Number of protein chains: 2
Amino acid sequence: MKQDPQTSLGFLLVDAARLLRRRFEQENRDMPMTSAQLQIIARLSKNEGIGQAALASLLELEPMTVSRHVDRMVAAGLVERVQDPNDRRARQLFTTEKSRALLAPMRERANTLFDEAQVGLSSKEREALFAALQVVVRNLCAADASANPADDRPGRRTGSAPMADDVKQDILS
Amino acid sequence: MKQDPQTSLGFLLVDAARLLRRRFEQENRDMPMTSAQLQIIARLSKNEGIGQAALASLLELEPMTVSRHVDRMVAAGLVERVQDPNDRRARQLFTTEKSRALLAPMRERANTLFDEAQVGLSSKEREALFAALQVVVRNLCAADASANPADDRPGRRTGSAPMADDVKQDILS
DNA sequence: TGCCAATAATAACCCTGATTATTATATCCA
DNA sequence: TGGATATAATAATCAGGGTTATTATTGGCA
């Protein structure tokens, strides 16, 4: 039905992402977790106790967006919000038993879908697609930080806190 | 800041699309047209007089989504809605002088941004990215229609009308 | 010490997109 | 000819994402 396929990379990319997300949500209506929530839990599970602002910067989301997500996810029993003992402004986030249990099966389904989306592409082509998208994301993140990527002073970045090196270590991998 | 880059194609794709869109909207706040509206006008300009349902199926969007868009765009003077003389349920859509005038400059800016997003990729890599995304979109569209792509009876498809061949001709290219 | 700038979270509001349900027509066919 | 069926558009409602502005705190520094 797409008689006149997109000739522009940008719109093609946006369309692909939307279609993928739509399919995911359609196929997982029985699951008590959306794709966005899955992504958040996946990140959080590797960074238990992190604050919302830091989580936002990991996900390249606005802090407000994360705040709303956490609201809903707390209500759904997927996340726990605990007062940070060292900072009365901040809350620490933790996954719950429920969300941890959902992580593996949801990832499974997601990967199956991602695979279906790539039917017809060779492994070489898939790797190329993956690598190219990583470049795109890196370009857009860099540009987001400042005009000159080298000039990446912390305060300039949207909602991101200057992060201590040991914290960075926790986050890596 | 993305210390732990996405290892999953799907989330990488969704992230790339979101970042791209965000940058676009940020850089075009002075323009009286959003990226979604640009895409709609681009399609409509090649299919003047089309109905909302048909436009929705061209864009792979739900009819309701298009309906709301048209509401806002009519209010913004970007689209005209005319009663279809042959079908009292339907309205025909037309671009306006205003939206036609915006099409070229907006496309220009969009292409510039898309180009920036691809910095670091060779032309060969860009072509591969483009081709791979087209495959992904095709896979997801086919799967959306029905389990078996061959079994694509019209009534099964979300909101899409069975379309006369001459109309298809108009839409192509 | 005491004030001012940076930060964490969030409220209010807008756009995009989807799902479900309605209403008004149009069609098809018995 | 009529009635079942399909289609066009849209109202209501929900999730995802963003921007701007507020409120508490924290922290640095004069």
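Quick note: numbers below take in every heavy atom, side chains included, and nothing from hydrogens, waters or symmetry partners. Not measured: the values here are computed from a predicted model. Protein chains get the first letters and strands the later ones, always in sequence-line order, with residue 1 at the start of each.
What separates CD of A:Glu62 from C1' of C:dC14 is a distance of 15 Å, to the nearest Å. Here C:dC14 presents its P atom at 21 Å from CG of B:Asn28, a figure rounded to the nearest Å. Between the C1' atom of C:dT25 and the CD atom of B:Gln52 lies a distance of 15 Å, rounded to the nearest Å. Separating the CD1 atom of B:Ile50 from the P atom of D:dA8 is a distance of 11 Å, rounded to the nearest angstrom. The CG-C1' distance, from B:Leu19 to C:dT16, rounds to 16 Å in whole Å. Atom NE2 of A:His69 and atom P of C:dA11 are 16 Å apart (whole Å). In this structure, A:Arg18 atom CZ and C:dG17 atom P are separated by 6 Å, rounded to whole Å. Note: CG (A:Leu59) to P (D:dG17) measures 9 Å, nearest angstrom.
Counting side-chain heavy-atom gaps under 4.5 Å among Ile, Leu, Val, Met, Phe, Trp and Tyr, A:Met64 is found in no cluster with other residues.
Checking the phosphate oxygens (OP1, OP2) of C:dT16, no side-chain nitrogen or oxygen of B:Gln39 falls inside 4.0 Å. Within the 4.0 Å cut-off from OP1 or OP2 of C:dA8, not a single side-chain nitrogen or oxygen of A:Ser67 is found. A:Thr65 has a side-chain polar atom (N or O) that falls below the 4.0 Å cut-off from OP1 or OP2 of D:dG18. OP1 or OP2 of C:dT16 sits under 4.0 Å from a side-chain N or O of B:Arg72.
Applying the side chain to side chain contact (heavy atoms under 4.5 Å, CB included) test to A:Ala17 and every residue at least two apart in sequence or in another chain returns B:Leu13, B:Val14, B:Ala17. Remark: A:Asp115 engages A:Arg126 in a side chain to side chain contact (heavy atoms under 4.5 Å, CB included) (not counting sequence neighbours). With sequence neighbours excluded, the residues forming a side chain to side chain donor-acceptor pair (under 3.5 Å) with B:Thr95 are B:Glu48, B:Arg100, listed by chain and number. Not counting sequence neighbours, the partners of A:Phe11 by the ring-ring contact (aromatic ring centres under 6.0 Å, His included) test are B:Phe114.
Remark: B:Arg23 engages B:Glu27 in a salt bridge, criterion side-chain N to carboxylate O under 4.0 Å. Using a 4.0 Å cut-off between a side-chain N of Lys or Arg and a carboxylate O of Asp or Glu, A:Glu60 and B:Arg22 qualify as a salt bridge.
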Give every donor-acceptor pair under 3.5 Å between a side-chain atom in residues 73-87 of chain B and any protein atom, sequence neighbours left out.
| unit_1 | atom_1 | unit_2 | atom_2 | d |
| --- | --- | --- | --- | --- |
| B:Arg81 | NE | B:Gln52 | OE1 | 3.1 |
| B:Arg81 | NH1 | B:Asp71 | OD1 | 3.3 |
| B:Arg81 | NH2 | B:Asp71 | OD1 | 2.7 |
| B:Gln83 | NE2 | B:Asp87 | O | 3.1 |
| B:Gln83 | NE2 | B:Arg88 | O | 3.3 |
| B:Gln83 | NE2 | B:Ala90 | O | 3.0 |
| B:Asp84 | OD1 | B:Asn86 | N | 2.7 |
| B:Asp84 | OD1 | B:Asp87 | N | 3.4 |
| B:Asp87 | OD1 | B:Arg89 | N | 2.9 |
| B:Asp87 | OD1 | B:Arg89 | NE | 3.1 |
| B:Asp87 | OD2 | B:Arg89 | NH2 | 2.9 |

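One finds the CD atom of A:Glu62 at 11.0 Å from the CZ atom of A:Arg68 (value rounded to the nearest 0.5 Å).
Residues of residues 101-114 of chain B having a heavy atom closer than 4.0 Å to DNA chain D: none are found. Looking at residues 75-99 of chain B, you'll see B:Asp87, B:Arg88, B:Arg89 sit with a heavy atom under 4.0 Å from some atom of DNA chain C.
Mapping A:Arg29 and A:Arg68 onto DNA chain C via the closest heavy atom, the residue that lands nearer the 5' end is A:Arg68.
The base of D:dG17 is not paired with the side chain of B:Arg22 by any donor and acceptor separated by under 3.5 Å. You won't find any donor-acceptor pair under 3.5 Å spanning the side chain of A:Arg21 and the base of D:dG16, going by distance alone.
Judged as a ring-ring contact (aromatic ring centres under 6.0 Å, His included), not a single pair has a partner in residues 54-107 of chain B (not counting sequence neighbours).
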